[in-house]
Every structure is written in C-alpha cells, then in structure tokens.
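All heavy atoms count here, side chains included; hydrogens, waters and symmetry mates do not.
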Amino acid sequence: MLDIKFIRENPETVKKAILEKAAKLNLDALLELDAKIMALRKETEEVQAEANRVAKKIPKADVAARGEMVAQGKNLKTKLTDLEPTLRNLEAQLRDLMLEVPQIPWAGAPVGADESFNLEIKKVGTPRVFDFTPLDHVALIEQNGWGELERISRISGTRSYALKGDLAVYEQALLRFAFDQMIAAGFTAMTVPSYAREEVFTAHGQFPAARDQVYEMEGSELFLSGTAEVLLNSLHADEILAEDDLAAAYVAISPCFRAEAGAAGKDTRGLIRVHQFNKVEQYVLCKADSRESEKWFDTLLANAESLLQALELPYRLLETSTGDMGTGKVRMIDLESWVPSENRYRETHSCSALHDWQARRANLRYRDAEGKVRHAFTLNNTALATPRILVMLLENHQNPDGTVNIPVAVQPYMNGKTKLEMTKRRS
RNA sequence: GGAGGGGUGCCAGAGCGGUUGAAUGGGACGGUCUCGAAAACCGUUGUAGGUGCAAGCCUACCGUGAGUUCGAAUCUCACCCCCUCCGCCA
C-alpha cells in the first residue's frame with residue numbers, strides 16, 4: 001500500500017508504476033473516489049460536531065428546554081444515519097482499490113511486462129562438464145532408493161514428495177545448515193506456524209491478488225502460508241517500535257504450502273514444484289530509509305550467495321523486470337541455480353525490497369530519533385528451500401557410480417559422511 | 001470438549017450513561033538542585049484524519065464489529081484474544 005497523500009501529490013509517478021508493472025488499475029477512478037470521500041467525511045464530521053455540541057449542553061440545560069434539544073439531537077442523528085453508511089461504503093471501496101496500487105519500482109529495474117525482460121547481472125561458477133552420462137534427479141532418487149515419489153502421489157496426490165534413506169537425512173541437514181549459517185550472520189532464529197488469519201495475508205500483500213495460490217483450511221478461517229515471511233511480517237503489526245528495535249533481522253524455518261493454481265502440467269515431475277516444502281527464510285524490518293534498505297538488500301543477497309557457494313552450486317543473478325517483480329516490490333533479484341538435466345538455471349532464491357508497502361498494510365511502525373512515527377521498511381530473501389535445492393545438489397554432485405557427493409560445509413551435519421549412498425533394503 | 005474469570009494509555013490499575021482522551025502509581029524523557037550522580041521537587045509523556053501561518057480547533061479510537069440512547073470506556077448482542085480449573089492428548 002502506498003500513502004494516499006503520496007498518490008494525490010504524485011499521480012503521474014503512480015500511473016507510470018501501474019503501467020510498468022502491468023497492473024490493472026484506474027488511478028483516476030481511485031482519486032475521484034478519494035475526493036468524494038474527503039468531501040463526504042467533512043460533511044459528516046460537521047454534523048457529528050454539531051450533535052456532540054447539543055448532547056453536551058443537555059445535562060446543563062433546564063428541564064423545560066431539554067425536550068427541544070433532544071429533538072434537535074434526534075434530527076442530527078437522522079442526518080448521520082443517512083451519511084455514515086454511505087461514507088463507510090465508499091471508504092471500503094477505496095480500501096480495496098488501495099490494496100491494488102503497486103509500489104514504485106526502483107529506477108534501475110529493467111522495464112517490461114514479464115520475465116522475458118529480466119536481466120542477468122552476475123554468474124558464479126561454471127556448469128560442470130560430465131565425462132559420463134549424468135542422470136536427472138528423479139532417476140538418481142529411483143536408482144538409489146532415496147524416495148517414494150510414485151507411491152506418495154497415490155497417497156497425497158500429485159506434487160507430493162517423500163524422501164528416504166540418506167536423502168531424507170540430507171534434507172534436514174541442509175535446513176539446519178542454512179539455519180545455523182544465518183544465526184552466525186547475526187539473524188534471530190525463529191519458528192513460526194504455517195497458518196494464519198486472512199488479514200495477515202492481506203498485510204503481507206498476497207491477498208487479495210494471489211488468493212488462489214493459498215490453501216484455506218475449511219471451517220477454521222485459517223490459511224496455509226506459502227512462506228514464513230507472511231507470519232513474520234505481522235509479528236509486530238499495529239505496534240509502534242522504538243528506533244532501537246530496528247533493524248530486526250529474523251531467520252525463520254517453516255513448512256510452506258502452495259496451491260500452485262494455474263501451474264497444472266508444469267514441472268509435475270520430481271522435486272521442482274511441490275505443494276508442501278520447507279524453507280529457511282530471511283526477513284528484515286528496518287528504518288524507513290532507502291539507503292538502509294539497500295544495505296540490507298545487499299546483505300540478504302550476500303547471505304544467499306554465500307550459502308550457494310558453500311553448497312558448491314553454479315548460479316546466476318537476475319535483476320527482475322518491473323512486470324516480474326511483483327506488485328509490492330521496489331526491487332527484486334532472483335538467484336537461479338544450475339540444473340544439468342534441463343541445461344538451464346532455475347530459481348532457488350528470491351531477494352526483495354518492499355520499502356513501506358507491506359509495512360503500511362500491516363501497520364508496522366516505529367518512532368524515529370525525532371519522535372516521529374513512521375512506517376518501517378521490509379525486505380526478505382530465501383536462505384534455503386527444500387526439496388527444490390536437492391534437484392541441483394543431486395544432479396550437480398553426482399558420481400558415475402550413482403552416489404552423490406555432499407559439500408564439505410554440510411558434511412558435519414551428515415555425521416561426517418561425504419557421499420549419499422544407496423538405501424539398503426531390509427528384507 | 002465442559003465450567004468460570006478477564007481484555008482501558010509504555011506498564012500496573014481506577015473509572016455513577018453526560019465538562020473522561022480518560023484518576024492514581026510506576027517507567028521514560030526534559031528541567032531545578034549537584035563537581036557529577038542518587039534522592040527530592042517541577043514539567044512532559046497518545047494514534048489517525050481534517051483545518052489553520054501559528055497557538056489552536058474539529059472528528060474517530062478504552063479487544064473487534066453491530067445495536068440501544070440526544071449522549072457509551074460505562075448498557076445489549078455477536079465475534080476475537082488472554083487467564084484458571086476439569087477432561088483428552090503428541
């Protein structure tokens with residue numbers, strides 16, 4: 001959400017953002033509605049003030065004069081019962097429109113309506129040249145008895161996964177590895193529920209636009225979150241923090257759920273796109289200052305890069321275009337890791353700066369050094385998400401004999417094991 | 001799941017349907033005093049919107065929403081949350 005005052009004063013800037021982000025929103029209609037509300041609100045407040053004056057005088061008035069005054073109060077009340085519902089209705093309409101106003105993208109973002117305009121800005125590592133015919137991750141899992149991909153789909157449906165043997169342990173090891181790395185980087189460790197109320201998703205920005213991507217738990221008014229970011233963003237909702245409380249940098253681990261509506265038939269094979277996964281997430285709440293935000297953006301990005309480097313994966317950075325970064329974002333860089341079987345990079349991380357867009361929705365504020373109450377800025381990035389990262393780890397680190405090497409950095413989390421080995425059958 | 005108690009400002013806590021945006025205490029901040037500090041004393045300590053050069057004034061907010069009333073923190077209803085006891089339980 002943007003500040004309505006900012007929108008009033010900078011309609012052209014906002015219109016440009018709407019255009020660049022390919023949003024469907026009529027800003028003139030929004031401004032017209034806003035003007036209408038301002039006028040109606042003024043009228044209503046004047047009647048209310050008059051009604052308050054009358055009501056205040058009644059207890060001090062002569063008993064004889066009271067009848068007349070009560071009648072006057074009743075009359076004003078009738079006027080209010082005409083005005084107030086209309087006002088409230090218009091305000092609700094404006095709120096709905098305000099939720100759709102995009103954040104202004106930073107000047108450096110490539111302008112374009114979709115991901116085809118994204119710009120590769122950095123490449124680290126070189127894709128491995130195999131001197132044997134490498135397998136894809138599904139084949140590796142099947143050959144080594146590292147999962148129950150077919151059986152679990154019969155139980156839980158498509159886009160489900162079940163891991164077995166060393167790979168089941170590896171998933172947990174990676175999550176803990178990433179969690180520890182982030183704690184070492186000074187982030188506060190957290191666990192959060194994977195579900196929350198509707199208003200939490202609205203505050204985050206996922207509702208109303210992407211509501212169909214979220215599972216609703218019938219009969220409970222709760223929804224399953226696709227990322228811990230949703231929950232973290234509302235942790236301090238409606239509070240006014242002290243400036244000293246900022247920046248708050250959290251690393252949270254949680255199971256994540258995504259409906260993947262509209263992705264039918266896409267990435268149905270293997271571990272790339274599943275309904276339930278695990279994610280270690282970086283989330284930062286900082287002062288309302290673009291330089292501060294930039295500083296944290298760089299930090300979140302560096303954290304993700306150092307994790308990928310520790311995992312010995314080739315990756316690249318994409319500066320995402322205005323149309324691909326999402327409604328609420330100022331800037332987004334996707335980190336994509338190399339997938340040998342597809343001969344291309346695929347997204348494993350996404351680093352975002354939103355300035356006050358989420359904070360306004362969540363009413364996340366702090367008191368600055370001058371005592372002024374301001375909306376904070378928020379940022380987030382993946383630290384590590386499984387099982388998708390397993391696709392890259394399995395395929396890039398495979399050996400001719402079908403075993404898979406474990407990066408040195410993760411070996412301590414695997415009890416010193418250096419390779420993932422075939423699951424032994426027990427008769 | 002059953003029974004009860006409660007949600008007021010940074011915290012604790014008062015509040016007959018009418019000058020209560022809210023007593024009192026604590027904390028925090030500023031000042032006096034002091035070489036400095038403590039103590040003591042004095043003062044300050046809402047959020048959002050509107051209006052005004054400004055001082056100020058107006059409107060809303062005492063968990064949330066609806067209602068009763070000329071007037072609601074105070075009455076009614078629904079919902080949310082917290083606490084205690086019992087039951088069940090990883």
Item to complete: Please tell me which of the listed nucleotides, U59(B), U47(B), G50(B), lies nearest to the side chain of R365(A)?
Response: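 Closest nucleotide among those given: U47(B).
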Interface polar pairs with nucleotides 6-10 of chain B, N/O, under 3.5 angstrom:
none

Worksheet item: For the pair made of CE in M38(A) and C1' in C58(B), what is the distance, rounded to whole Å?
Response: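 My rounded result for the distance is 15 Å.
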When we call it a touch if two heavy atoms are under 4.0 Å apart, what does [X] touch: a base, just sugar-phosphate, or nothing?
| X | result |
| --- | --- |
| I240(A) | sugar-phosphate |
| R8(A) | sugar-phosphate |
| K57(A) | nothing |

Worksheet item: With under 30° as parallel and over 60° as perpendicular, where do the rings of F187(A) and W296(A) fit, or are they tilted in between?
Response: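 Aromatic pair F187(A)/W296(A) classed perpendicular.
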Discussion item. I'd like the C1' distance from C41(B) over to A14(B), given in whole Å.
Written reply: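 That atom pair is separated by 26 Å.
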Item to complete: Using the C1' atom as the reference point in each nucleotide, state the distance between U20(B) and C62(B) in Å, no decimals.
Response: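 These two C1' atoms come out 11 Å apart once rounded.
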Practice prompt. Scan residues 229-273 of chain A for pairs that pass ring-ring contact (aromatic ring centres under 6.0 Å, His included), counting only residues two or more places apart or in two chains.
Written response: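 Checked against ring-ring contact (aromatic ring centres under 6.0 Å, His included) - neighbours excluded - no pair reaches residues 229-273 of chain A.
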Item to complete: Identify the residue among T378(A), T227(A), T188(A), N233(A) that makes a side-chain hydrogen bond (donor to acceptor under 3.5 Å, both in side chains) with Y283(A).
Response: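 One option only clears the test, and that one is N233(A).
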Practice prompt. Select from R197(A) and D3(A) the residue whose nearest nucleotide in RNA chain B is closer to the 5' end of that strand.
Written response: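 Of the two residues, D3(A) wins.
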Worksheet item: Tell me, do N144(A) and T423(A) make a side-chain contact under 4.5 Å, heavy atoms counted?
Response: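 Heavy-atom side-chain distance check fails, nothing below 4.5 Å.
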Worksheet item: Reading nucleotides 61-78 of chain B 5' to 3', which nucleotides get B (base under 4.0 Å from a protein heavy atom), which S (sugar-phosphate only), which -?
Response: --------BBS-------
Discussion item. Suppose we define a pair by two distances each less than 3.5 Å, Watson-Crick or G-U wobble; what does G56(B) pair with here?
Written reply: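 Partner of G56(B): U51(B).
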Worksheet item: Roughly how far, to the nearest 0.5 Å, is the OG atom of S350(A) from the CG atom of L335(A)?
Response: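 Taking CG in L335(A) and OG in S350(A), the distance rounds to 8.0 Å.
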Discussion item. If the cut-off is 4.0 Å, is Q48(A) near the phosphate of A60(B), judged by side-chain N/O to OP1 or OP2?
Written reply: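 It does, given that an N or O in the side chain of Q48(A) lies less than 4.0 Å from OP1 or OP2 of A60(B).
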Item to complete: Classify the side-chain pair T320(A)/D324(A) by whether it contains a donor and acceptor separated by less than 3.5 Å.
Response: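 No, because no side-chain N or O of T320(A) sits under 3.5 Å from a partner of the opposite role on D324(A).
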